[in-house]
Amino acid sequence: MPIWGITIQNEPEAKQVWDSCLYTGEEERDFIKNHLGPSLEKHGHGDVKIIIWDHNRDVIFDRAQAVLSDPEAAKYVWGTGVHWYVSEEFENLSRVHDAFPDKHLIFTEGCIEGGPQPGEWHTGKRYGRNIIGDLNNHLEAWIDWNLVLNEEGGPNHVGNYCDYEYEEG
């Protein structure tokens, strides 16, 4: 399977009940600069896109700045990934774009926890509000985390089931 892009760590500031690995911006920068970027190039995978952050909008600018302000790390980074949890501070995406216009912005995760909620409109409203808010602030792509959930909103090894666009019939 061809791999077009990778992130350093999903939600690097989240200490949670499932698999976690906490990274500071400086640790992420140094890992890319001193290990991941050079290794991908050395082994003929320099075309694989590296996406930093992969977490919430609230502090996306600070995280992008910690990594992308270093030219030796930034040369390996394709862009910054964002999730919709915590805030709808869409303007933070524009701040990243304005500071680093040669880098990309991509939505990498968003779900509504609590399992399927048939007949509720809040899921669709949240999707619409976030997609529009993000696209209006330089986001270039959206990956739907919930595309292949079963009827219970899983599978999930810690019981963190999610809602999805449910259609009966």
Side-chain angles (χ1 to χ4, degrees), residues 2-16 20 22-29 31-32 36-37 47-71 73-149 153 156 160-167:
I3 296 175
W4 70 269
I6 58 174
T7 66
I8 306 307
Q9 171 63 43
N10 180 55
E11 300 182 350
E13 284 190 350
K15 186 175 182 182
Q16 46 213 0
S20 299
L22 304 177
Y23 270 88
T24 66
E26 294 72 24
E27 289 169 330
E28 185 173 28
R29 176 201 65 213
F31 175 68
I32 293 165
L36 183 61
D47 60 331
V48 174
K49 316 282 190 264
I50 296 176
I51 301 167
I52 62 167
W53 187 224
D54 199 19
H55 207 162
N56 298 320
R57 284 186 205 98
D58 59 337
V59 295
I60 189 173
F61 178 77
D62 295 334
R63 188 55 167 247
Q65 190 171 38
V67 177
L68 299 176
S69 291
D70 182 324
K75 72 181 181 184
Y76 297 112
V77 176
W78 176 82
T80 304
V82 64
H83 298 182
W84 69 9
Y85 313 112
V86 179
S87 80
E88 292 187 349
E89 298 171 73
F90 304 114
E91 65 277 3
N92 286 342
L93 299 179
S94 285
R95 290 180 67 206
V96 173
H97 170 78
D98 293 346
F100 308 101
D102 61 324
K103 300 301 180 186
H104 304 272
L105 290 162
I106 182 172
F107 184 88
T108 53
E109 179 188 319
C111 77
I112 296 177
E113 297 172 320
Q117 300 164 35
E120 296 294 325
W121 282 93
H122 64 87
T123 301
K125 288 179 184 178
R126 186 172 187 184
Y127 270 82
R129 188 175 59 248
N130 280 267
I131 290 170
I132 291 168
D134 284 342
L135 291 175
N136 284 338
N137 286 276
H138 304 282
L139 188 86
E140 300 172 41
W142 185 282
I143 297 173
D144 189 352
W145 192 67
N146 296 336
L147 195 58
V148 290
L149 297 178
N156 187 297
N160 182 33
Y161 300 112
C162 297
D163 191 11
Y164 56 91
E165 293 301 314
Y166 180 84
E167 183 177 324

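Position 1 is the first residue of the sequence; numbering continues from there.
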(message) Is it the case that the side chain of Asn92 and the backbone of Arg57 share a donor-acceptor pair, with hydrogens and angles ignored and the cut-off at 3.5 Å?
(response) yes

(message) Can a donor-acceptor pair be found, under 3.5 Å and without considering hydrogens, that links the side chain of Glu120 to the backbone of Gln117?
(response) no

(request) Could you grab the distance from atom CZ of Arg63 to atom CZ of Arg29, nearest 0.5 Å is fine? (result) 10.5 Å

(request) Applying side chain to side chain donor-acceptor pair (under 3.5 Å), run through Glu140 and His104 and close with a yes or a no. (result) CA-CA 7 Å; Glu140 300 172 41; His104 304 272; 2.8 Å; yes

(request) Determine, step by step, whether Trp53 and Tyr23 satisfy the ring-ring contact (aromatic ring centres under 6.0 Å, His included) criterion, reporting the C-alpha distance in whole Å, the side-chain angles of both residues, the deciding distance to 0.1 Å, and the verdict. (result) CA-CA 9 Å; Trp53 187 224; Tyr23 270 88; over 10 Å; no

With sequence neighbours excluded, tell me which residues meet side-chain hydrogen bond (donor to acceptor under 3.5 Å, both in side chains) with [X].
X	answer
Asn137	Ser94
Ser20	none
Thr108	Asp54, His83

(message) Is there a side-chain contact between Val82 and Ile106 in this structure, where contact means two heavy atoms from C-beta onward sitting under 4.5 Å apart?
(response) no

(message) Within the 4.5 Å heavy-atom criterion, are Ile51 and Ile6 side-chain neighbours or not?
(response) no

(request) Please report the C-alpha distance between Ile52 and Lys103 in whole Å, then the side-chain angles of each, then the deciding distance to 0.1 Å, and finally whether the side chain to side chain contact (heavy atoms under 4.5 Å, CB included) criterion is met. (result) CA-CA 11 Å; Ile52 62 167; Lys103 300 301 180 186; over 6 Å; no

(message) Would Glu109 and Asn10 count as a side chain to side chain contact (heavy atoms under 4.5 Å, CB included) here? Give the steps.
(response) CA-CA 9 Å; Glu109 179 188 319; Asn10 180 55; 3.1 Å; yes

(message) Among Phe107, Trp84, Trp121, which residue satisfies the ring-ring contact (aromatic ring centres under 6.0 Å, His included) criterion with Tyr127?
(response)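 Exactly one candidate clears the test, Trp84.
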
